[in-house]
Amino acid sequence: MARAPLSIIIPTLNAQSYLPACLEALTPGLSTGLIREVLVCDGGSQDHTLVCAGQAGCRIVSGSSGRGRQLRAGGHAAKGDWLLFIHADTRLETRWADAVQLHMSSAPAKAASFELAYDSDAQHARWLERRVALRTRWLALPYGDQGLLISRALYEEIGGFKDLPLMEDVDIVRRIGRERLSLLDCRSITSADKYERDGWRKRAWRNSWLVIRYFLGASPKDLAKLYD
């Protein structure tokens, strides 16, 4: 009997308020035999993140904090032929497993990301979703909160995630390249907490400015100091 193909990798740091919903949304992939394992790659949580992960049957990969470092550790530890990297404050739409299986069978040489939605009823959320959709299609530049589905073969070919404190998502999709990147017909629904705290437009434009500075050569280490 063939083993399930998909390893799901979730970086965490004090994510107890988000992780249960993230894990619960993965159920369709378990019921269809798609998921081989779920790895929670923790960067030193001081809350009940690891308790949540353990109770859900996740494999725990512990290390120092840094999203790029944690994602890289998860990719190294994963056993599946396909890898799906998602954030802990994101939950996938119910039909995600069907979308992933379709991609794996029809476009195995390509990586893929989800369309993005925010868990907010604010009109600014719809404005930002439209901006994200345009950026993803025009620039082939999905961010980490849109997830990344990639075969192990392609992941290893491009060298995987780098140990970067910020922009690890931008870095890897640039190395994948437009021709090897698809968009799944399914959404990842991510937390709007930071936007509602800081202001939708203020946070969106600040994030865009950080990406521009990165493209102009700014250090991810320096940019990480400005992110939160």
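From a predicted model like this one, the values you see are computed outputs, not experimental measurements.
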Quick one: CG on Leu149 to NZ on Lys110, what's the gap to the nearest 0.5 Å? 13.0 Å

Under the rule for salt bridge (charged side-chain N to carboxylate O under 4.0 Å, His left out), what residues qualify as partners of Lys194, not counting sequence neighbours? Asp228

Side chains of Ile158 and Arg180 in contact at under 4.5 Å (non-hydrogen atoms): yes

Which residue pairs pass the side chain to side chain donor-acceptor pair (under 3.5 Å) test when at least one of the two sits in residues 40-51, sequence neighbours left out? Thr12-Asp42, Gln16-His48, Asp42-Ser45, Asp47-Thr49

Quick one: pull up OG1 in Thr190 and CZ in Arg91 and give me the separation to the nearest 0.5 Å. 9.5 Å

Closest heavy-atom pair, Ala25 versus Leu92, reported as atoms and distance to 0.1 Å, is CB-O, 3.6 Å

Is Trp96 close to Leu34 at the side-chain level, that is, under 4.5 Å between some pair of heavy atoms? yes

Option from Thr136, Asp145, Ile189 for which side chain to side chain contact (heavy atoms under 4.5 Å, CB included) with Leu116 holds: Asp145

Would you please name every residue forming a side-chain hydrogen bond (donor to acceptor under 3.5 Å, both in side chains) with Ser188, sequence neighbours left out? none

N/O donor-acceptor pair under 3.5 Å between Arg72 side chain and Phe161 backbone: yes

Charged N to carboxylate O under 4.0 angstrom, Arg206 versus Asp198? yes

What pairs with Tyr18 under side-chain hydrogen bond (donor to acceptor under 3.5 Å, both in side chains), at least two apart in sequence or on another chain? Asp193

Under-4.0 Å salt bridge between Arg152 and Asp81: no

Evaluate the ring planes of Trp82 and His103, with Trp represented by its six-membered ring, and classify them as parallel (under 30°), tilted (30 to 60°) or perpendicular (over 60°). perpendicular

Cation-aromatic face contact Arg135/Tyr143, 6.0 Å, 45 degrees: yes

Determine yes or no for a side-chain-to-main-chain donor-acceptor pair under 3.5 angstrom, with Arg175 supplying the side chain and Gly160 the backbone. yes

Is the shortest side-chain heavy-atom distance between Ser65 and Gln70 below 4.5 Å? yes

Enumerate the residue pairs fulfilling side chain to side chain donor-acceptor pair (under 3.5 Å) with a member in residues 111-124, sequence neighbours excluded, ordered by first and then second residue. Ser120-Glu196

Measure the CH2-CG distance between Trp205 and Leu210 for me, rounded to the nearest 0.5 Å. 13.5 Å

Quick one: pull up CG in Leu148 and CG in Leu181 and give me the separation to the nearest 0.5 Å. 7.5 Å

Going by side-chain hydrogen bond (donor to acceptor under 3.5 Å, both in side chains), name the residues that satisfy it together with Arg95, two or more places apart in sequence or in a different chain. none

Roughly how far, to the nearest 0.5 Å, is the CG atom of Leu166 from the CG atom of Asp171? 11.0 Å

Hey, could you give me the CG/CG distance between Asn14 and Leu50, rounded to the nearest 0.5 Å? 9.5 Å

Any side-chain heavy-atom pair of Val38 and Leu30 under 4.5 Å: no

